[in-house]
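In what follows, a structure is listed as structure tokens, so that the remarks can point back to it.
When reading the values below, keep in mind they use all heavy atoms of this one structure, side chains included, and skip hydrogens, waters and symmetry mates.
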Amino acid sequence: MTQPGLVSATMLEDREYMRQPGFEPRISCTVALLIVNAIVFVAQHISAANGGQNFQDTYCALSLAGLKSGYVWELLTFQFMHLGLMHILFNSLAIFFFGRMVESALGGIKLLTIYFSAGVIGGLVQMLYALVFHAGDSVVGASAGAAGLVGAFAILAWDEQFTLFLYFIPVNMRGKTLLWVSIAGCLVMTALGDKGIANAAHLGGILTGALFVRQIVQGRWHLPQWRLASRRYAPRELAAKRATKKSFWNATSIPPAEDLTPDEFLQKEVDPILDKISELGIQSLTARERDILEKARSRMNRR
């Protein structure tokens, strides 16, 4: 995984009053993943130093031979193994930076679901690649799961501006840019056939994380919504634009939010947004809807 670092933009999901309710573990799941990976890394290398390397390669690392022998647990165990210190360091950085943002927005349970689903599917994609192209088929590392967190974060921050550090170089981008650049990079590296990196697993992980948030969390099942556009409007925004155009001829207009009474503002602007959050989750809101919630919070604080 590329060395990450973020985030300079303030996201509404980071604020306590915007988080979704529900059961959550007391300890951060992101931190728990990092701790477990570190413990397994130490145990793995102690075992290897005492003659256990062959056991690890046969029964823990993901391989075509292992899957053909029925060792399906390798789809899980390979995610906790790492080749060396730099390997686990870069994966841990990705899990920490992207994982805490995903966990803040969606909660620990969905974080773990995305992480392990991306790891399993990424591993299967890598095995398919190895089977078709006769490439090296032994894989270890948490990078597929970490890539899933990158894909999930990219969808959650689709139009959000943030700063990502690539090898200590700050790069400003949005979630949509991060997703397409990551996918393109994985495709190029997979085509080049770098045997030292499981690029196909990264690709499978990124797509799994992105699709999980897009299709399951946000509930957007219609493929045409994937079209890249300079400006997309939610149904209420689109209706407001049409009504505004019509008012040019009919002399009827929609009063701006500032001209509404507090009760009218809550009824016409805030209530539909709260209904949308209840149905689709906080991450489904548009930038305009988030601005309205922020205005509502400010009005409540002034009372």
Side-chain angles (χ1 to χ4, degrees), residues 1 25 27-85 87-92 94-96 98-99 102-103 108-152 186 190 195-212 216:
M1 294 297 296
I27 185 173
S28 165
C29 289
T30 302
V31 174
L33 282 175
L34 295 173
I35 293 174
V36 172
N37 278 329
I39 293 174
V40 173
F41 177 75
V42 173
Q44 173 191 344
H45 286 79
I46 291 176
S47 173
N50 290 275
Q53 187 63 54
N54 184 63
F55 176 86
Q56 294 178 22
D57 293 341
T58 303
Y59 297 104
C60 298
L62 179 61
S63 65
L64 283 175
L67 291 182
K68 290 178 181 178
S69 299
Y71 305 156
V72 293
W73 59 81
E74 291 181 350
L75 289 168
L76 180 63
T77 56
F78 92 97
Q79 300 183 48
F80 295 98
M81 302 177 65
H82 292 86
L83 294 176
L85 185 60
H87 190 198
I88 190 173
L89 177 61
F90 283 119
N91 282 338
S92 295
I95 293 171
F96 174 74
F98 292 104
V102 173
E103 184 173 7
I109 301 302
K110 286 188 174 68
L111 166 82
L112 295 177
T113 301
I114 293 170
Y115 179 83
F116 287 112
S117 297
V120 170
I121 295 177
L124 289 174
V125 172
Q126 184 65 36
M127 291 300 97
L128 178 61
Y129 174 82
L131 180 65
V132 173
F133 295 100
H134 306 287
D137 61 353
S138 182
V139 181
V140 295
S143 54
L149 299 180
V150 173
C186 288
T190 302
K195 296 182 179 180
I197 302 177
N199 294 295
H202 297 169
L203 178 62
I206 289 173
L207 293 176
T208 300
L211 289 172
F212 182 93
I216 297 178

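One finds the CZ atom of Phe116 at 5.5 Å from the CG atom of Leu33 (value rounded to the nearest 0.5 Å). Summarising the geometry, atom CG belonging to Leu62 is positioned 7.5 Å from atom CG belonging to Leu124; distances are rounded to the nearest 0.5 Å. How far OG of Ser138 is from CG of Leu83: 8.5 Å, rounded to the nearest 0.5 Å. For the atom pair Ile27 CD1 and Ile35 CD1, the distance stands at 4.5 Å (nearest 0.5 Å). Taken to the nearest 0.5 Å, the OG1 atom of Thr113 stands 9.0 Å off from the CD1 atom of Ile216. A distance of 9.0 Å separates CH2 of Trp73 from SG of Cys60, quoted to the nearest 0.5 Å.
When the side-chain hydrogen bond (donor to acceptor under 3.5 Å, both in side chains) test is applied to Gln44, no partner is found at least two apart in sequence or on another chain. Here Thr208 pairs with nothing under the side-chain hydrogen bond (donor to acceptor under 3.5 Å, both in side chains) rule; sequence neighbours left out.
Under a 3.5 Å cut-off, the side chain of His134 and the backbone N or O of Ala130 do not form any donor-acceptor pair. A donor-acceptor pair under 3.5 Å is absent between the side-chain atoms of Glu103 and the main chain of Leu111, judged by distance alone. Remark: the backbone N or O of Ala142 is not paired with any side-chain donor or acceptor of Gln79 at under 3.5 angstrom. In this structure, Ser69 contributes its side chain and Tyr71 its backbone to no donor-acceptor pair below 3.5 Å.
Closest approach of Ala152 and Val102 over heavy atoms only: CB-CG2, 4.1 Å. Taking both residues in full, the closest heavy atoms of Thr190 and Ala200 are given as OG1-N, 3.5 Å, listed atom of the first, atom of the second, then distance. The minimum heavy-atom distance linking Ala144 with Gly122 is given by the pair CB-CA, 4.2 Å. Nearest heavy-atom pair across Asn199 and Gln126 is N-OE1, 3.9 Å. In terms of heavy atoms, Val139 sits closest to Phe78 at O-CB, 3.5 Å. Taking all atoms of both residues into account, the shortest heavy-atom contact from His87 to Val140 is CE1-O, 3.5 Å.
A heavy-atom distance below 4.5 Å is not found between the side chains of Leu203 and Val125. Counting heavy atoms from C-beta on, the side chains of Leu75 and Leu67 come closer than 4.5 Å. You'll find the side chain of Ile95 reaches within 4.5 Å of the side chain of Tyr115, heavy atoms only.
Listed by first then second residue, pairs satisfying side-chain hydrogen bond (donor to acceptor under 3.5 Å, both in side chains) with a partner in residues 53-64 read Ser47-Gln56, Gln53-Asp57, not counting sequence neighbours.
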Go through the steps for Asn91 and His82 under the test side chain to side chain donor-acceptor pair (under 3.5 Å), then give the verdict. CA-CA 9 Å; Asn91 282 338; His82 292 86; 3.2 Å; yes
